[in-house]
Peer 1: 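Got a structure here, written out as structure tokens. Questions coming.
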Amino acid sequence: MKSVALITGCLVLTGCATGYQAHTWSGGYKDEKLGENHYRVEYYGNGTTSIPMLKEYWSKRASELCPQGYDVIDENKGKTDGGIFLGGITTIEHPWLKAEIQCK
């Protein structure tokens, strides 16, 4: 019961905003090395993540992997909506951005 209260408190008071972080249940970045200086970078937001913030976080992770800059090879973005939320159904959108990059 305490965990339900904690989750409810988090959602009500803070919206459980996704900050810049490695991927967790509330969003964040994932990356995969595809080859020499070649990566797939993904960033998942939640219902409180704006598209500009999502792009900023994605760019930050790409820049950490490629400090000298990078070229975007392929990009895919979208939103996931719906799901179970404290016993109900939600239509909150969760934006995401995925792209392959090649470091310079």
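Sequential numbering from 1 along the given sequence is applied to the chain's residues.
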Peer 1: To the nearest 0.5 Å, tell me how far T48 OG1 sits from E93 CD.
Peer 2: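 Rounded to the nearest 0.5 Å, the OG1-CD separation comes out at 13.0 Å.
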Peer 1: Are more than 12 heavy atoms from other residues, nucleotides or ligands located less than 6.0 Å from atom NZ of K98?
Peer 2: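 Yes, NZ of K98 has more than 12 neighbouring heavy atoms, counting only those of other groups under 6.0 Å.
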Peer 1: Are any side-chain N or O atoms of T49 and backbone N or O atoms of N46, one a donor and one an acceptor, separated by less than 3.5 Å?
Peer 2: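 A pair under 3.5 Å: yes.
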Peer 1: Atom NE2 in H23, atom OH in Y29: separation rounded to 0.5 Å?
Peer 2: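 So the gap between those two atoms works out to 12.0 Å.
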Peer 1: Could you tell me the separation between the SG atom of C66 and the CG atom of D71, rounded to the nearest 0.5 Å?
Peer 2: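 One gets 9.0 Å once the value is rounded to the nearest 0.5 Å.
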Peer 1: Do L65 and I73 sit in the same hydrophobic cluster, where Ile, Leu, Val, Met, Phe, Trp and Tyr count as joined when their side-chain heavy atoms come under 4.5 Å apart?
Peer 2: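 Result: no, two separate clusters.
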Peer 1: Over 60° means perpendicular and under 30° means parallel, so classify the ring planes of Y43 and Y20, tilted if in between.
Peer 2: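 Y20 and Y43: parallel rings.
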Peer 1: CD/E64 to OG/S59 distance, rounded to the nearest 0.5 angstrom?
Peer 2: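 OG of S59 is found 11.0 Å from CD of E64.
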Peer 1: Would L34 end up clustered with L97 when hydrophobic side chains under 4.5 Å apart are linked, directly or stepwise?
Peer 2: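 No, separate clusters.
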Peer 1: Could you pull out the closest heavy-atom pair between A99 and V72, with the gap in Å?
Peer 2: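 It is CB-CG1, 4.1 Å.
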Peer 1: In a table with atom names and distances, give each donor-acceptor pair under 3.5 Å that connects a side chain of residues 35-42 to protein atoms at least two apart or in another chain.
Peer 2:
unit_1	atom_1	unit_2	atom_2	d
H38	NE2	E100	OE1	2.9
R40	NH1	E32	OE1	2.8
E42	OE1	Y44	OH	2.6

